[in-house]
2 protein chains.
Amino acid sequence: MAKKPTLRDLSEVTGLSSYTVSRALSNGADVSDASRKLVLKAARELGYVPNRAAQELRKKSRSSVAVITASTSNYYYLDLMKGIQRVLRGSSRNAVVADIAAEGVYTPEVEDAIVQDLIQSRTAGVITTLTLSAENVKLLESWDIPVVFVDSAPPEDATRVPSILTDNYAASIKAGGHLAEHGYTDWLFLAYPGRWSTRAERERGLREAADKHGAALQVLETENDSDSARKTLSAYLDTPGGALPRAIIAGNNPLLHGVLTVLQQREIAVPTQVALIAFDEFAWAPLLDPPLTVVDEDSESIGVLAAQTLTRILDGQLEAERRGEPPVPDYRPEDRREVTADLIVRQSCGC
Amino acid sequence: MAKKPTLRDLSEVTGLSSYTVSRALSNGADVSDASRKLVLKAARELGYVPNRAAQELRKKSRSSVAVITASTSNYYYLDLMKGIQRVLRGSSRNAVVADIAAEGVYTPEVEDAIVQDLIQSRTAGVITTLTLSAENVKLLESWDIPVVFVDSAPPEDATRVPSILTDNYAASIKAGGHLAEHGYTDWLFLAYPGRWSTRAERERGLREAADKHGAALQVLETENDSDSARKTLSAYLDTPGGALPRAIIAGNNPLLHGVLTVLQQREIAVPTQVALIAFDEFAWAPLLDPPLTVVDEDSESIGVLAAQTLTRILDGQLEAERRGEPPVPDYRPEDRREVTADLIVRQSCGC
DNA sequence: AGCCTCTCCCTAAACGATTAGAAAGTAGTG
DNA sequence: CACTACTTTCTAATCGTTTAGGGAGAGGCT
């Protein structure tokens, strides 16, 4: 196209002022039916499409919500997004995902860059699955961008920021209890780094269950991806002290993939030689060999809750702005929520 | 924050003009070291973050690439995105995904809405996994937004638009040949709708293999998600004529999930009662029960190819604009590429 | 007529950045 | 000192929208 039509072009073609054209296109009042029809017809004929950058600049609109994830190959995020999308759909807002560990590993620099980027694009709000630095939370706050933490604790001094947490402590006790029922006393927890705040709770619950039932718990830490998990576990099994435990708990989805790969390579039978429980239910769990016993934290409804909370806060900001007040996020005590997780018992635990 | 600092604020604080401040921030020439330091210091102190909407409006920058997918729960897209991200990282461009079938089903209205949205945000370029309507391709073209098709054929009259296609025909012949080697003569192809252009090629290859080896091929069509696949296959098996075939070919990843669920529910053993081959390799395929024989189309390198092609075209547009020429996409004949796919033989086929 | 109320439309000023074109300052040169 | 060349800076226009603040005209009412 030689030239992209602008609102001014529409105004010239129709003979109406830009004000009227704008109102007509946005379905606003103060326009006669005749004018509106004229404008819409001209818009169709010229192939006019409004320039979002100009709209946002003028309106300070901020219509998109960012979801900060780490490693999208974790199935957990797919379900989480599904829940978020379901709430946002229908509203005029949309979700975009920012993968903080796309390069494979997390670094503070990437976190800072992503937060910077979100502010640059004047994101309306943020849902994060990772504990952000206190500085970044403060930075977002200073730009009036509300943040909701899901499955990750807000930094300590951000006491009012909303969070949807799973009771990982209770869930881990359940999981450990089940292993104990089977009579296993030698457990290995393959865990991702403590940067993800769920790690501590999961470990604490397992530790308590182990103590209570007289089991030995070994914790093995690895980076948060399948490949690292595979290498770490392999190396562990090859060390003199690293005998095969009676039960393995995989910290999350990618780690589970690493564990299964190792067991398959070494032809270690599940559950007869080693029992296996993993955190985070996902679509293929029942179809694995053997069907997998998992802790199910229902990430889709967590997504729904998070999006609903954020939506309420954003709507409140709009309301406040319309009244001419500063758009400070309206954080409420009840926005700090904790949901429970169940144990889905299949066969990999020995059942 | 009471007020968000703008470039004008920086200008007032430093006593320099907005021109100088802008240059200093963007690392441009024409600024003394002293001024630059002054500006950067002030920017840090005030917590200044540029407004992207204003920048884009003024510069007509267009820095983001959209990837149009259908149903993100298809593992294929994760790998594709990985490839795309790998190319884009480092460049100043970033990728955003637009899920065209997020609601579950595809409708032309959603397609139109998404294309409209991409134009509104003045997207730099598009990578699509779905054959778009001829009108939409033309529309994007008229806004000088280049499109690259991956694993989906461009509409017929868009003969110059780049595409990275898999040779699904040859791959399907391979798959069919392998089934024939096992002596199976009764095949069922569970297929997604023909709107995805790979469907036709896959069916054609299977058909030809069946004819050549004297096998009977039944094609069963379902919507493109696991749940529909499950229902469709279940219903088929329950009809009087719908006897269990000797081999099932699952059209893609979500459909495979549906098939496996049905087989598990009905306690049908793979591969002894029915053999199974699926299109599209994915991370969990080797870990399923039994390990799955799949057609592997290496979607990650397809992503790399697509992103490289698009990058070249976008850079060409920038170059042209700098010379004052119109930014028409430079499509070349060699941008129409076809890659091959292999058969990864595991055990679900009977091997 | 005078006054009010409505409806529809317009003018002109934003929003926050970039940048062409002009100008001021500084230094070197003959 | 006049001239040139270069560096650094400024002024003001511009990108494509939205919207505050008027205002014209029509109709109804007293």
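Every chain is numbered from 1, with letters handed out A, B, ... down the list of sequences.
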Polar side chain donor-acceptor pair, A:Asn51 to B:Gln120, under 3.5 angstrom: no
Compare side-chain N and O positions of [X] against OP1 and OP2 of [N] and report whether any pair is under 4.0 Å apart.
X: A:Thr20; N: C:dC10; answer: yes
X: A:Tyr19; N: D:dG16; answer: no
X: B:Ser35; N: D:dT9; answer: yes
X: A:Ser22; N: D:dT18; answer: yes
X: A:Gln55; N: D:dG16; answer: no
X: A:Ser18; N: C:dC10; answer: no

Residue whose closest nucleotide on DNA chain D lies nearer the 5' end, B:Lys59 versus B:Val31: B:Val31
Along DNA chain D (nearest heavy atom to each residue), the more 5'-positioned of B:Asp30 and A:Ser26: B:Asp30
Between [atom2] on [N] and [atom1] on [X], what's the gap in Å once rounded to a whole number?
X: B:Asn51; N: D:dT17; atom1: CG; atom2: C1'; result: 13 Å
X: B:Arg58; N: C:dT18; atom1: CZ; atom2: C1'; result: 4 Å
X: A:Arg8; N: D:dT14; atom1: CZ; atom2: C1'; result: 10 Å
X: B:Leu57; N: C:dT19; atom1: CG; atom2: C1'; result: 14 Å
X: B:Leu10; N: D:dT9; atom1: CG; atom2: C1'; result: 17 Å
X: B:Lys60; N: C:dT18; atom1: NZ; atom2: C1'; result: 12 Å
X: B:Asp33; N: D:dT9; atom1: CG; atom2: P; result: 10 Å
X: A:Leu7; N: C:dA12; atom1: CG; atom2: P; result: 17 Å

Verdict with reasoning, A:Glu321 to A:Lys60, per salt bridge (charged side-chain N to carboxylate O under 4.0 Å, His left out): CA-CA 11 Å; A:Glu321 266 186 340; A:Lys60 302 159 172 330; over 6 Å; no
Touch class at under 4.0 angstrom, heavy-atom based, for A:Ser17 against every strand present: base
Closest listed nucleotide, where the reference is the side chain of A:Ser32 and the choices are C:dA17, C:dC8, D:dT17: C:dC8
Heavy-atom check, side chain of B:Arg36 versus side chain of B:Arg23, under 4.5 Å: no
pair B:Thr107-B:Val110: side-chain heavy atoms closer than 4.5 Å: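 Answer yes - side chains close enough.
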Electrostatic pair B:Lys41-B:Glu45, nearest N-O below 4.0 angstrom: yes
